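First up is the structure itself, then whatever we jot down about it.
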Amino acid sequence: MVDCDNFYPNCEKNFMPAWKDRPVGVLSNNDGCLVARSNELKEAGIPMGAPYFKYREQLQAMNAVIVSSNYALYGDMSSRVMTTLGQFSPDIEVYSIDEAWLDLSGFDPATLDAYGREIVTTTKRHTGIPISMGIAPTKVLAKIANRICKRRKIPGHVFNLGSVENLDVVLSTIDVGDIWGIGKRWSKKLRASGIYNARDLRDADPERMRKQFNVVMQRITLELQGFPCLGFEDIQTKKQIIASRSFGERVKSLGPLLEAVAMHATRAGEKLRAQGSVCGAIQVSIRTGRHNPNEAYFRESALAKFPVATADTRRLIKGACQGVKQIYRKGPRYAKAGVMLLDISPAQMVQGSLFETGDSTRSAALMATVDQINQFHGRKTLFFAREGVKQAWSMKRSMTTPAYTTRWEDIPVVS
DNA sequence: TCTGGGGTCCTAGGACCC
DNA sequence: TCTGGGGTCCTAGGACCC
């Protein structure tokens, strides 16, 4: 299990040497929460997901650099890291923007630690991004190894659970809630039945865990015992595609909601076609803010089904707008809108209908053309009028950094 | 006043089929 | 008076992950 250290802050520090020794925090979309923190911020006790406005003064006092999120940069740096990692293993599963599984089975166990350290130094040299590695016979154990690697700040950034002498002691330092796959609810229930750490769970009876919880818990237990239950996965096609955003400011009227869901439907459609799929339905949702106790929470969603599965943005927009008109109520101050594409299947295998026509070849050609133009000349070179032109409701991002690696004008100059 | 945006898997229960 | 046995599909909700 390979995991980038403080990935977003390190992407930013990479291109801004002056920030090297300063605390760096990255905000969520709309500059709402802190979603990534450098070590200094973690050590200062700033929690993950902290609302920015509540911590602004403390952060200022620390002389912290706070930036809006720059996903163009993080996505590009991520693919550089993944490409480097891929050169070291016959099989790699990219698990998230900053994590990957490498298959090291068949390698000589005696050489694994050194090999791991080579992977770490090469990745750092090629990308500037520091990584940590946990090695073990199963995914759940490798996650634990990775955690220990970071917690103990192991020199070389590699921790191999296979070369540990006293595994029982190591496992008993891992709180049950820190095991991959066990969240708040389950850890509470586990503790109530006397299971407090990874060692306790490893020694539990898998059958009993299945009865008491479910098959997922049984698999975690077996993985802790060293029996692999989770294989390498190859997820290129999503089963659902979501596009949603909070508004820069609250929205009350129907017009902006229609523009917003049209834009989200357009983005979702791009993602859908990029993976060669069509969808059978689109769900739209709108909601108010969740945190104001003096304001009633309102949320509603609507589902539009397509008689024949589609990947045509015009149909997606139509479905989304119909849905919004159905559920819109006057009064609430809306904070967020979004769409979800469902019932996704391959574009080559569309079930026709006796009474309705599906996407024509002209439709497919049109969408492909729009996608190509936007890819080549930049996003929104062509857009749908329904998305609106001014988009006064769009999200706030007041502290953006340059797209250092993906926009010609932003490429840093070295002098 | 201001609090993100994506995803997955599993289970239970209802409705239906022969 | 007595009333079988074997399935599928769909949806909502819960739990988890980054």
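A note on names: the letters A, B, ... follow the listed sequences, proteins ahead of strands, and every chain is numbered from 1. Everything numeric here is computed off the predicted structure, so don't read it as measured data. Side chains included, hydrogens not; waters and symmetry mates left out as well; all remaining heavy atoms used.
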Exercise for review: Identify the two heavy atoms, one from A/Ala296 and one from A/Thr288, that lie closest to each other, and give their separation to 0.1 Å.
Suggested key: O-OG1, 3.7 Å
Practice item. Could you encode protein contacts along nucleotides 9-16 of chain C as a string, one character per nucleotide from 5' to 3', using B for base contact, S for sugar-phosphate-only contact and - for no contact, with a heavy-atom cut-off of under 4.0 Å? Key: --S---SS
Check your understanding: Hey, does A/Lys336 reach any base, or is it just sugar-phosphate, or nothing, if we go heavy atoms under 4.0 Å?
Key -> sugar-phosphate
**Study point:** B/dG4 OP1/OP2 closer than 4.0 Å to side-chain N/O of A/Arg397
**Key:** no
Practice item. Looking only at side-chain atoms of A/Tyr95, point me to the closest of C/dC18, B/dG4, B/dG7. Key: C/dC18
Check your understanding: Looking at B/dC2, B/dG4, B/dG5, which one has an atom nearest to any side-chain atom of A/Ser244?
Key -> B/dG5
Revision key, fill the gap. Assert: residue with more 5' nearest nucleotide on DNA chain B, out of A/His291 and A/Arg219, is A/His291
**Study point:** Nearest-nucleotide pick for A/Asn29, side chain only, options being B/dG4, B/dT1, C/dC18
**Key:** B/dG4
**Study point:** Where A/Arg22 and A/Ser38 come nearest, the two heavy atoms and their spacing
**Key:** O-OG, 4.4 Å
Point to revise | Between A/Glu12 and A/Thr401, a side-chain donor and acceptor under 3.5 Å | key: yes
Point to revise | Rounded distance in Å - CD1 (A/Ile66) to C1' (B/dG4) | key: 16 Å
Exercise for review: Would you kindly compare A/His264 and A/Ala335 by the position of their nearest DNA chain B nucleotide and give the one closer to the 5′ end?
Suggested key: A/Ala335
Check your understanding: Any idea which of B/dG6, B/dG5, C/dC18 is nearest the A/Lys271 side chain?
Key -> B/dG6
Review point. Within this structure, what is the OH-to-C1' distance between A/Tyr74 and C/dC18, rounded to whole angstrom?
Key: 15 Å
Check your understanding: How many Å lie between CD1 on A/Ile241 and C1' on B/dG6, as a whole number?
Key -> 11 Å
Check your understanding: Which part of the nucleic acid, if any, lies within reach of A/Lys143 when heavy atoms closer than 4.0 Å are counted: base, sugar-phosphate only, or nothing?
Key -> sugar-phosphate
